[in-house]
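First comes the structure, then the notes that go with it.
Hydrogens, waters and symmetry mates play no part in the numbers below; they use all other heavy atoms, side chains included.
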Amino acid sequence: MSTIISASEVTVRYGARAVLDAATLAIDESDRIGLVGRNGCGKTTFLKLLAGVQAPDIGDVSRRRDLVVSYLPQDFMLDATKSVAENIRDGAKPVLDLIAEFESLPHDSKRHEELEHRIQALEGWTLDQRIETAMSHLNCPAGDRRVDTLSGGEKRRVAMCRAIVSLPDFLILDEPTNHLDPESIDWVADFLDEFHGSFLVVTHDRYFLDRVAKRMVELYDGKFWSQNGNYTDYLLAKAERQEADATIEHKRQMFLKKELAWVRQGPRAQRSKQKDRFERYYDEAAKDGLVIEEDMELVIPPPPQLGNRTVEVSNLGMTLGGKKLFSGFNYTFENGQRIGVCGRNGLGKTTMLKAIIGQLPPTEGTVKIGQLTKFNYVDQGRLQLNEERSVLDEASDGTEFVIWGDSKISVRSYLKRFLFADDRITTQVKKLSGGERSRLLLAKILKCGGNFLILDEPTNDLDLPTLRVLEEALIAFPGMVLVVSHDRYFLNRVCTNILAFEGDGKIAHSVGDYDYYLEKKERVAKDAARQAAAFLSASKSAPTQTAKPSGPKSRKLSFKEQRELDGMEAQIHAVEADVVRIESLFADPELFRKNAAKVNALTGELDAAKENVTKLYARWEELEAIRSASVASESRAC
């Protein structure tokens with residue numbers, strides 16, 4: 001397999017800091033790479049080197065001849081004077097140029113065959129159909145709209161569509177899932193599954209990485225570390241690598257401790273063996289020790305106590321710009337819940353949040369807020385940051401301390417919990433990376449306290465280590481959490497309830513995580529289809545005469561069976577939750593290192609739980625079949 005693009009010994013410095021330090025990476029044909037690393041480590045800089053929009057200070061980036069590269073940057077560039085369709089077609093410029101050249105040549109030109117072969121390889125003759133399909137699945141705005149009238153999320157979808165329509169040899173995607181709804185993310189994943197070229201993607205979406213990546217590359221301390229497999233494989237390999245490094249460092253420290261005691265004795269003899277021993281000690285002491293990655297200590301300030309009534313909405317409905325978003329929504333928010341809000345873009349998720357906190361008056365219905373309820377709202381727009389102020393000034397707002405329960409801590413100490421080093425604390429906001437801006441916004445708003453925390457798309461632009469810490473902080477938060485997110489992993493890990501915007505003004509509530517909501521939704525759809533098929537079959541086979549059919553009737557469920565069916569969903573949910581609990585234990589690399597003896601027992605427990613789930617589903621289908629047949633029989637009798 002040949003290399004299509006490579007970076008050799010590249011170095012890029014920003015001031016005294018080298019984000020890439022003699023780093024080397026080769027990308028081969030059909031490579032499917034997920035690039036990970038902390039925000040600010042140099043991922044975006046490296047993508048710019050590969051895309052050719054930036055040159056390294058030292059080193060070389062070489063490309064295969066005639067390599068077609070398409071790049072979706074975080075700060076995407078669209079022509080504001082053009083329409084949506086025109087901007088998207090601009091992404092296919094290499095193909096359009098080939099077609100224009102093909103059509104301009106005389107029919108007997110020797111280059112015709114070469115051009116036609118290249119155009120067919122890039123599927124240039126079906127370009128318009130592919131643009132239409134991509135726009136539809138990515139929920140792009142109308143093609144005739146001007147780009148300068150679009151929202152940030154709409155522009156992101158247009159830029160994504162523009163990046164993929166040319167079917168390049170090498171596709172570079174920087175946070176492609178930001179502002180995309182679950183259906184669009186699934187479509188992008190399907191597209192990449194069938195993509196014939198190579199791609200490199202930077203994303204915080206762990207399910208997306210697990211699905212599309214076949215090779216993971218980590219950028220750490222200016223160097224690349226590569227691992228075949230998806231994100232889960234990378235995590236396991238990294239845990240093993242860190243464990244091995246820790247063992248080596250432990251042995252080194254034990255050696256230094258032993259030799260230091262000998263050195264302090266000051267042996268008088270200067271024989272060659274003793275000189276060698278001195279030299280070995282000083283050589284080991286001069287080596288750099290194990291560098292331990294620092295994790296953010298994101299602890300949300302302790303909230304004030306909530307009352308019996310938190311928030312209660314009755315028949316809530318919202319209409320904006322003449323469009324009815326949702327109606328008839330009833331829900332009582334209770335202390336301790338962590339509710340995930342999901343659904344396609346444009347259905348009213350953010351509007352509902354603003355109605356709850358009072359920023360928008362409800363079109364219909366009421367919102368009753370408890371006397372002790374104090375909202376803390378982290379908005380999606382990231383509009384509360386002043387670009388010209390420093391990180392310290394922006395976080396402090398003139399105060400030197402942050403109230404922390406019954407005590408207080410300095411703003412500097414508080415910012416360090418969000419991984420801001422001393423030099424970054426004095427940096428202007430406009431010079432921060434996207435992830436640093438998100439961490440600063442979280443730090444600024446979370447310090448305000450509140451017992452009803454509302455987060456609108458908090459996972460956008462956060463790196464994976466920071467995401468994990470945010471999840472832990474929200475799980476430990478003793479108040480009420482309401483969070484809008486398209487991140488499936490995040491919703492599964494954090495949420496105890498799901499509010500799903502399903503379209504047609506409907507908001508569905510489901511107890512449990514996002515995966516359970518999807519499973520339940522699929523079961524309901526299958527049940528409805530099965531009942532419709534049974535009713536249609538009964539209608540076709542019903543006699544034309546008016547006399548009632550004779551013969552034995554389908555039996556009804558017994559009282560005991562009906563009670564069993566009524567409780568089946570809760571029973572399945574409980575067993576599935578047990579499966580998720582055990583699987584989450586296996587996801588922790590520490591389990592294999594510290595509790596290896598428990599692995600076999602847990603494996604047996606997991607197999608038994610999965611078998612129980614299968615049996616419960618089979619029993620549920622059996623009872624549903626009896627109930628459906630009974631309903632169909634009664635319909636025929638009528």
Worked verdict on Leu432 versus Thr427 for side-chain contact (heavy atoms from CB on, under 4.5 Å): CA-CA 8 Å; Leu432 300 180; Thr427 300; 4.2 Å; yes

Intermediate values then yes/no, side-chain contact (heavy atoms from CB on, under 4.5 Å), Asp205 and Tyr489: CA-CA 8 Å; Asp205 190 320; Tyr489 191 102; 5.8 Å; no

Test side-chain contact (heavy atoms from CB on, under 4.5 Å) applied to Glu175 and His204, step by step: CA-CA 7 Å; Glu175 295 292 357; His204 64 268; 3.1 Å; yes

Candidate pair Ile339 and His509, rule side-chain contact (heavy atoms from CB on, under 4.5 Å), full reasoning: CA-CA 10 Å; Ile339 299 177; His509 171 246; over 6 Å; no

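Within the 4.5 Å cutoff, side-chain heavy atoms of Val10 are placed close to those of Val61. Taking 4.5 Å as the limit, every side-chain heavy atom of Val36 sits out of range of all side-chain heavy atoms of Val217. Counting only heavy atoms from C-beta outward, the side chains of Val202 and Leu173 never approach each other to under 4.5 Å. Phe208 has its side chain within reach of Val188: a pair of non-hydrogen atoms, C-beta onward, lies under 4.5 Å apart. Side-chain atoms of Asp21 and Asp221, non-hydrogen and from C-beta on, never get closer than 4.5 Å to each other. Between Trp225 and Met216 there is no side-chain heavy-atom pair separated by less than 4.5 Å. Contact of the Asn228 side chain with the Asp233 side chain is not registered, since no non-hydrogen atoms from C-beta on lie closer than 4.5 Å. Put simply, the side chain of Leu353 reaches to within 4.5 Å of the side chain of Ile454, judged on heavy atoms.
To the nearest 0.5 angstrom, Cys41 atom SG is 8.5 Å from Leu20 atom CG. Atom CG of residue Asn451 and atom CG of residue Asn376 lie 9.5 Å apart, to the nearest 0.5 angstrom. Atom CG in Leu453 sits 6.5 Å away from atom CG in Leu474 (nearest 0.5 Å). Distance check: Leu200 CG to Lys43 NZ gives 11.0 Å after rounding to the nearest 0.5 Å. Going from atom NZ of Lys48 over to atom CD1 of Ile172 covers 12.5 Å, rounded to the nearest 0.5 Å. Here Glu394 contributes atom CD and Glu388 contributes atom CD; the two are 11.0 Å apart, rounded to the nearest 0.5 Å.
Inspection of the His486 and Asn178 side chains reveals no N or O donor paired with an N or O acceptor under 3.5 Å. A donor atom on one side chain and an acceptor atom on the other are found under 3.5 Å apart for Ser410 and Ser413. For the 3.5 Å distance criterion, the side chains of Tyr514 and Ser485 fail to qualify, holding no donor opposite an acceptor. For the residue pair Arg157 and Ser184, no side-chain donor N or O sits within less than 3.5 Å of a side-chain acceptor on the partner. Using modelled atom types and a 3.5 Å distance limit, the side chains of Asp210 and Thr232 yield a donor-acceptor pair. Between the side chains of Asp456 and Thr350, at least one donor N or O lies within less than 3.5 Å of an accepting N or O. Side chains of Asn492 and Tyr207: a donor on one and an acceptor on the other come within 3.5 Å.
Around CG of Asp423, the count of heavy atoms belonging to other residues, nucleotides or ligands within 6.0 Å exceeds 12. For Lys431, the NZ atom sits in a loose shell: 12 or fewer heavy atoms of surrounding residues, nucleotides or ligands are nearer than 6.0 Å.
Closest approach of Ile369 and Ile356 over heavy atoms only: CD1-O, 3.7 Å. Taking all atoms of both residues into account, the shortest heavy-atom contact from Pro176 to Met160 is CB-SD, 3.8 Å. The shortest heavy-atom contact between Lys155 and Leu150 is CE-O, 3.5 Å. Thr310 and Asn335 get closest at one heavy-atom pair: OG1-N, 3.9 Å. The shortest heavy-atom contact between Arg488 and Asp515 is NE-OD1, 2.7 Å. The heavy-atom pair separating Val391 from Ile425 by the smallest distance is CB-O, 3.3 Å.
Residues that satisfy the side-chain contact (heavy atoms from CB on, under 4.5 Å) test with Leu372, not counting sequence neighbours, are absent from this structure. Under the ring pair (Phe, Tyr, Trp, His ring centres under 6.0 Å) criterion, Phe46 pairs with Phe224, not counting sequence neighbours.
Between the side chain of Arg389 and the main chain of Asp393, a donor-acceptor pair closer than 3.5 Å is present. A donor-acceptor pair under 3.5 Å is formed between the side chain of Thr11 and the backbone N or O of Ala22. Side-chain N or O atoms of Arg338 include one that pairs as donor or acceptor with a backbone N or O of Val494 at under 3.5 Å. Judged by distance alone, with hydrogens and angles left aside, the side-chain atoms of Tyr414 form a donor-acceptor pair with the main-chain N or O of Ala443 at under 3.5 Å.
Evaluated for a side chain to side chain contact (heavy atoms under 4.5 Å, CB included) with Gln337, the options Leu482, Asn497, Thr332 yield exactly one hit, Asn497.
A salt bridge does not link Asp31 with Lys214: every distance from a Lys NZ or Arg NE/NH1/NH2 to an Asp or Glu carboxylate oxygen is 4.0 Å or more. Using a 4.0 Å cut-off between charged nitrogen and carboxylate oxygen, Arg344 and Glu183 do not count as a salt-bridge pair.
A centroid separation of less than 6.0 Å is found between the aromatic rings of Phe452 and Phe333.
Remark: Arg206 is not positioned above the aromatic ring of Tyr231, lacking an NZ or CZ atom under 6.0 angstrom from the ring centre and at most 45 degrees off the axis.
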